[in-house]
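For reference, the structure is listed below as structure tokens.
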Protein chains: 2
Amino acid sequence: MKVVNPLRADAVRNRERIADIARQLFREKGYDAVSMDEVAKTAGVGIGTLYRHFPTKEALYDAAIQAWVETVNAAAEKSLASEGAPRDRLLAWFEAYVEFLTRHKGAAWRITSALGDDDSPFAAKCRTYLNANQRVIDTLASEGALRADVDAMQLCRLVGGVAAVVDNSELAPDAARSMLAVVADGVLAG
Amino acid sequence: MKVVNPLRADAVRNRERIADIARQLFREKGYDAVSMDEVAKTAGVGIGTLYRHFPTKEALYDAAIQAWVETVNAAAEKSLASEGAPRDRLLAWFEAYVEFLTRHKGAAWRITSALGDDDSPFAAKCRTYLNANQRVIDTLASEGALRADVDAMQLCRLVGGVAAVVDNSELAPDAARSMLAVVADGVLAG
DNA sequence: CCACGATACGGAGGGTCCCTCCGTTTAGCA
DNA sequence: TGCTAAACGGAGGGACCCTCCGTATCGTGG
């Protein structure tokens, strides 16, 4: 028998090209404004091929935004490692977090919406974010800078909510920063 | 000539029945889960009739959630009129605000998304909300309880973001309250 | 009371989605 | 080179929002 286990070369090629094109399109136009037909046509494959590689549009989206999610942990470490006051470091993390979430239009709301849902295609990304926030909380809490009842899920939701609004209304960084300052002060207080 | 200016009796009847049914359906199932066909069928009218009265789905939604929006000002007054500390009154207002926004599934995000957009069908509702928040800010600021750089738009976005997350993830009131406490403390601080 | 015209009704169908199904083509081992 | 498992491609199904237009109804002037 001729069991060919690894993916065929053309399949690998197509999968990568589709993911690249999708990343580009989603980033430019946002989730809703990109149709699966458009991705297939731009990538030069049939719609059937697209769906063979990515069973739903959300799965494609998940693959398209995969790369940058993986750098989130590094960003958390970097924000925390700096020398400044807890408030400054927390704000730096928040800003990095919002910058990540808003890098692809529509991602902030989609990911924040999926926060409690284990069945979502974004569940893995949510866990990454939760862990990063937990690390930030642990670090600042060990310095006694945080109020006691803050948890990672709550923080993800608060900052994710801000990110979603910033993304949707295309707010300037200043507007985002002033909203994040409110959240940071609220979390540090008490 | 026979110019019949006022609406015909059947038209008035249908308009009201459609709005009633739509309010009920939107409230039960949320914006996305209700189709225009479903509204028409449930109301017992043709799809053409529905669109004669409400030119888009968003216009229908706007009409469906009209009634409760108008009571928001009363809620603001009531929250402010109580005797408690500024923090308690602010929190009471936030909770009332979130309760309003989450009363119809999907409304929080849609309205908060429309905050800067004058062309949105929800523009009028946004103005109502902004004014209510402005009144709250003015009252508390006159007591010196607020940080200086808080504005109504920012507050609408912050609390609207929390409301959207609460609505989408169907969080318990406790979870909402703890997030709102963070925002309130952040706004009062400094 | 009736006839007639302005008004409103209803649903077929257009355009756009996401996604499925299946006949056709291709890769790659023996 | 022949053959089979794997991959491809696109027609089309079903759902959606919305438009268009022939048909039915309302309500007034005669």
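Every chain is numbered from 1 and lettered A, B, ... according to where its sequence line falls, protein lines coming before strand lines.
The nucleotide whose nearest atom lies closest to any side-chain atom of A:K57 is, among D:dC17, C:dC19, C:dA8, C:dC19.
Applying the side-chain hydrogen bond (donor to acceptor under 3.5 Å, both in side chains) rule to B:R27 yields no partners; only residues at least two apart in sequence or on another chain are considered. Not counting sequence neighbours, the partners of A:R87 by the salt bridge (Lys or Arg N to Asp or Glu O under 4.0 Å) test are A:D185. By the ring-ring contact (aromatic ring centres under 6.0 Å, His included) test, A:H53 is found to be paired with no residue, residues two or more places apart in sequence or in another chain being considered. Taking B:K57 as the reference, nothing meets the salt bridge (Lys or Arg N to Asp or Glu O under 4.0 Å) condition, with sequence neighbours excluded. Remark: A:D138 pairs with A:Q134 by the side-chain hydrogen bond (donor to acceptor under 3.5 Å, both in side chains) rule, at least two apart or across chains. Considering only residues two or more places apart in sequence or on other chains, A:R23 meets the salt bridge (Lys or Arg N to Asp or Glu O under 4.0 Å) condition with A:D20. The ring-ring contact (aromatic ring centres under 6.0 Å, His included) test applied to A:Y97 returns A:W93, A:Y129, not counting sequence neighbours.
A straight line from CD of B:E58 to P of D:dC16 spans 17 Å, rounded to a whole angstrom. Atom C1' of nucleotide C:dC9 and atom CG of B:L7 are separated by 14 Å, given to the nearest angstrom. Atom pair A:F54:CZ and C:dT20:P shows a separation of 15 Å (rounding to whole Å applied). C:dT20 atom C1' lies 13 Å from atom CE of A:M36, rounded to whole Å. Atom OH of A:Y51 and atom P of D:dA7 are 19 Å apart (whole Å).
Taking 4.0 angstrom as the limit, B:N14 places none of its side-chain polar atoms (N or O) nearer than this to OP1 or OP2 of C:dA8. Side-chain N/O atoms of B:H53 include one lying less than 4.0 angstrom from OP1 or OP2 on C:dC9. Close to C:dG10, at under 4.0 Å from its OP1 or OP2, lies a side-chain N or O of B:T49.
In this structure, the side chain of A:S120 engages the main chain of A:F122 through a donor-acceptor pair within 3.5 Å.
Within the structure, the side-chain hydrogen bond (donor to acceptor under 3.5 Å, both in side chains) test picks out the following pairs touching residues 28-37 of chain B (sequence neighbours left out): B:K29-B:E38.
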Nucleotide-resolved protein contact map, nucleotides 22-27 of chain C, B/S/- at heavy-atom distance under 4.0 Å: ----BS
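A heavy atom closer than 4.0 Å to some atom of DNA chain C occurs in A:V34, these being the qualifying members of residues 19-34 of chain A. Less than 4.0 Å separates DNA chain D from at least one heavy atom of each of the following residues of residues 37-48 of chain A: A:V45, A:G46, A:I47, A:G48.
Between A:F94 and A:R177 the shortest side-chain heavy-atom distance does not fall below 4.5 Å.
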Name every donor-acceptor pair, under 3.5 Å, that has one atom in a side chain of residues 74-86 of chain A and the other anywhere in the protein, sequence neighbours excluded.
unit_1	atom_1	unit_2	atom_2	d
A:E77	OE2	A:R135	NH1	2.7
A:S79	OG	A:A75	O	2.9

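As judged by a 4.0 angstrom heavy-atom cut-off over every strand, B:S35 is placed among residues touching the sugar-phosphate backbone only.
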